[in-house]
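Before any comments, here is the structure.
The first residue in the sequence is number 1, and the count goes up from there.
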Amino acid sequence: MLKKKNFLNLLGAMSAAILVAGCSGPQEQAPSAASPSAATTQGGKTQVQWLGQAATKITTPGGKVIVIDPWLTSNPKTPQQYKDLAALGKVDLILVTHAHFDHYADAPALAKMHNVPVYGPAGMNQSMITLGILPPALSQRFGKGGTIMPFGPGGVRITATRAEHSSELVWRNPSTDKDETHVGGEPVGFIIELENGFKIYHMGDTGLFGDMKFIGEYYKPDLVMIPIGGHFVMDPKDAAVATRDFLKPKFAIPIHYGTNRTLKGTPQEYTTALGNAPVKVLSMQPGDSMAF
């Protein structure tokens, strides 16, 4: 009887050791242009390309292409090759955080080119429909706290979050050749959870607000794309508070700076303000891509 109990105990210990070994994962690595982090290798690479200001192209592990805030053709920081919208290649979805020209400008043309919808603040998208800028099928209303799964169950999950900014839609009336200001809805940011669980928080344009702490605790973004230019958005000091004290991501890409004289904040100032915060700042040039 004693020998049988010893054998059973030994068998149980061996089974537990095998189970633990099978559940242990690889160690996390910093992302690079060539190597994804261990957090995403199970579902393939996540490719993030920054094109200046807030314009971003995300290629998901499942191969879907999401373009956010496409101001490209007249953006002074966008590389010349991407001023041709066709250079983006395949596009499956367009997200717009708010109606200001430097975020919205090329969204309608890109939607028509690829016959794919623009998702954005409900007021902005309703104005696009009312003014005839886009048909209803290509102008999908979206609101803060709402979540969409545009590619079906089990795919990408996108949630609109609060942003502290404004959103006016300026439209040139073809009948009068004059600009008109229309409802642009309320500005948003986007939490984008990819097929493998990696989460990107594209913050759009925003000032610092206390509920960023809630966003960090609830959504737990792995990567934040954070405005640092100042004047219309957070400056480097405020962006550092948001990153270090509220959001606490693994990675941060500074955006929305250097496009005009008012956006004076720099990645160096942001990094300095962060101090020894445990976040990897990925300072990119427009046109650069990073794989995770």
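- A donor-acceptor contact shorter than 3.5 Å is absent between the side chain of Asp69 and the backbone of Ala55.
- Taking a cutoff of 4.0 Å between a charged side-chain nitrogen and a carboxylate oxygen, Lys199 and Asp222 do not qualify as a salt bridge.
- Counting non-hydrogen atoms of other residues, nucleotides and ligands closer than 6.0 Å to CZ of Arg261 gives a total of 12 or fewer.
- When all heavy atoms are compared, the tightest approach of Ala291 to Gln47 is CB-OE1, 3.6 Å.
- In this structure, Phe214 and Tyr218 have parallel ring planes: the angle between them is below the 30° cut-off, well short of the 60° mark.
- A donor-acceptor contact shorter than 3.5 Å is absent between the side chain of Asp106 and the backbone of Leu85.
- Residues Ile68 and Met290 are members of one and the same hydrophobic cluster, defined by side-chain heavy-atom contacts under 4.5 angstrom among Ile, Leu, Val, Met, Phe, Trp and Tyr.
- In this structure, Lys83 places its NZ atom where more than 12 heavy-atom neighbours from other residues, nucleotides or ligands lie under 6.0 Å away.
- Ring planes of Phe292 and Phe251: tilted class, angle from 30 to 60°.
- Put simply, the side chain of Pro267 reaches to within 4.5 Å of the side chain of Ile228, judged on heavy atoms.
- Taken from OG1 in Thr159 to CD1 in Ile215, the straight-line distance is 10.5 Å, to the nearest 0.5 Å.
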Working for side-chain hydrogen bond (donor to acceptor under 3.5 Å, both in side chains), residues Thr60 and Glu195:
CA-CA 7 Å; Thr60 78; Glu195 298 95 336; 2.8 Å; yes
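- Ring centroid separation for the pair Tyr257 and Trp50 comes in under the 6.0 Å cut-off.
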Applying side chain to side chain contact (heavy atoms under 4.5 Å, CB included), run through Met284 and Ile253 and close with a yes or a no.
CA-CA 7 Å; Met284 300 167 68; Ile253 297 175; 3.5 Å; yes
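- In this structure, a donor-acceptor pair under 3.5 Å is absent between the side chains of Glu164 and Thr206.
- The shortest distance between side-chain heavy atoms of Ile58 and Ile200 falls below 4.5 Å.
- Side-chain atoms of Asn75 come within 3.5 Å of backbone N or O of Trp71 as a donor-acceptor pair.
- Leu138 and Leu95 are members of different hydrophobic clusters when ILVMFWY side chains are connected at heavy-atom separations under 4.5 Å.
- The ring pair (Phe, Tyr, Trp, His ring centres under 6.0 Å) with His256 is formed by just one residue from the set His165, His103, His231; it is His103.
- Partner of Leu247 under the side-chain contact (heavy atoms from CB on, under 4.5 Å) criterion, out of Val279, Val241, Val224: Val224 alone.
- For Thr56 (side chain) and Ala54 (main-chain N/O), a donor-acceptor pair under 3.5 Å exists by modelled atom type.
- Residues Met113 and Val91 fail the side-chain proximity criterion, which asks for heavy atoms closer than 4.5 Å.
- One N or O on the side chain of Ser167 and one on the backbone of Ala99 form a donor-acceptor pair closer than 3.5 Å.
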side-chain hydrogen bond (donor to acceptor under 3.5 Å, both in side chains) between His182 and Glu168, intermediate numbers included
CA-CA 6 Å; His182 293 269; Glu168 304 82 29; over 6 Å; no
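- Under a cut-off of 6.0 angstrom, the local environment of CZ in Arg162 is crowded, with over 12 non-hydrogen atoms contributed by other residues, nucleotides or ligands.
- Counting only heavy atoms from C-beta outward, the side chains of Val48 and Ser289 never approach each other to under 4.5 Å.
- Residues Gly63 and Asp92 share a closest heavy-atom pair of O-OD2, 4.0 Å.
- Judged by distance alone, with hydrogens and angles left aside, the side-chain atoms of His202 form a donor-acceptor pair with the main-chain N or O of Gly204 at under 3.5 Å.
- Put simply, OG1 on Thr59 and NZ on Lys45 are 11.5 Å apart, with the number rounded to the nearest 0.5 Å.
- Thr272 places a side-chain N or O within 3.5 Å of a backbone atom of Gln268 that can act as its donor or acceptor partner.
- Remark: Leu134 CG to Ser127 OG distance equals 12.0 Å, nearest 0.5 Å.
- By the 4.5 Å heavy-atom criterion applied to side chains, Pro136 and Ile129 are counted as neighbours.
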Which is it for Thr243 and Tyr270 under the side-chain hydrogen bond (donor to acceptor under 3.5 Å, both in side chains) test, yes or no, and what are the steps along the way?
CA-CA 10 Å; Thr243 305; Tyr270 171 57; 2.7 Å; yes
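- Taking CE of Met225 as the start and CG of Leu282 as the end, the distance is 9.5 Å to the nearest 0.5 Å.
- Ion pairing between Lys178 and Glu180 fails under the 4.0 Å rule for side-chain N and carboxylate O.
- Residues Leu93 and Val65 fall into different hydrophobic clusters, defined by Ile, Leu, Val, Met, Phe, Trp and Tyr side chains chained together at heavy-atom separations under 4.5 Å.
- A 6.0 Å sphere centred on NZ of Lys248 holds no more than 12 heavy atoms belonging to other residues, nucleotides or ligands.
- Across all their heavy atoms, Asn196 and Gly44 have their closest contact at ND2-O, 3.7 Å.
- Thr271 and Glu269 are not linked by any side-chain donor-acceptor pair at a separation below 3.5 angstrom, with hydrogens and angles left out of the test.
- If you chain together hydrophobic residues whose side chains sit under 4.5 Å apart, Phe198 and Ile66 fall into the same group.
- Exactly one residue among Leu72, Val96, Leu110 makes a side-chain contact (heavy atoms from CB on, under 4.5 Å) with Val67. That residue is Leu110.
- Remark: the backbone N or O of Leu88 is paired with a side-chain donor or acceptor of Lys57 at under 3.5 angstrom.
- Side-chain contact between Leu223 and Tyr201 is absent, with no heavy atoms from C-beta onward closer than 4.5 Å.
- Residues meeting the side-chain hydrogen bond (donor to acceptor under 3.5 Å, both in side chains) test with Lys220, sequence neighbours left out: none.
- Ile94 and Ala107 get closest at one heavy-atom pair: CD1-O, 3.9 Å.
- Within the 4.5 Å cutoff, the side chain of Tyr82 has no heavy atoms near those of the Thr73 side chain.
- Considering all non-hydrogen atoms of both residues, Gly265 and Pro236 come closest at CA-CG, 3.6 Å.
- Within 6.0 Å of atom CD in Glu186, 12 or fewer heavy atoms from other residues, nucleotides or ligands are found, so the atom counts as exposed in its surroundings.
- A donor-acceptor pair under 3.5 Å is absent between the side-chain atoms of Thr78 and the main chain of Gly52, judged by distance alone.
- Between Asp245 and Lys213 there is no salt bridge, since no side-chain N of the basic residue sits under 4.0 Å from a carboxylate O of the acidic one.
- Taking hydrophobic clusters as Ile, Leu, Val, Met, Phe, Trp and Tyr residues chained together by side-chain heavy-atom distances below 4.5 Å, Met149 does not share a cluster with Leu194.
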Run Tyr219 and Glu193 through side-chain hydrogen bond (donor to acceptor under 3.5 Å, both in side chains) and show every step you take.
CA-CA 9 Å; Tyr219 294 105; Glu193 183 175 354; over 6 Å; no
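- Asn260 contributes atom CG, which lies 10.0 Å from atom NZ of Lys77 (distance to the nearest 0.5 angstrom).
- Considering only heavy atoms from C-beta on, Met128 comes within 4.5 Å of Tyr104 through its side chain.
- Looking only at distances, no side-chain donor or acceptor of Asp238 sits under 3.5 Å from a matching main-chain atom of Asp235.
- Residues Gln53 and Thr259 have side chains that bring a donor and an acceptor to within less than 3.5 angstrom of each other.
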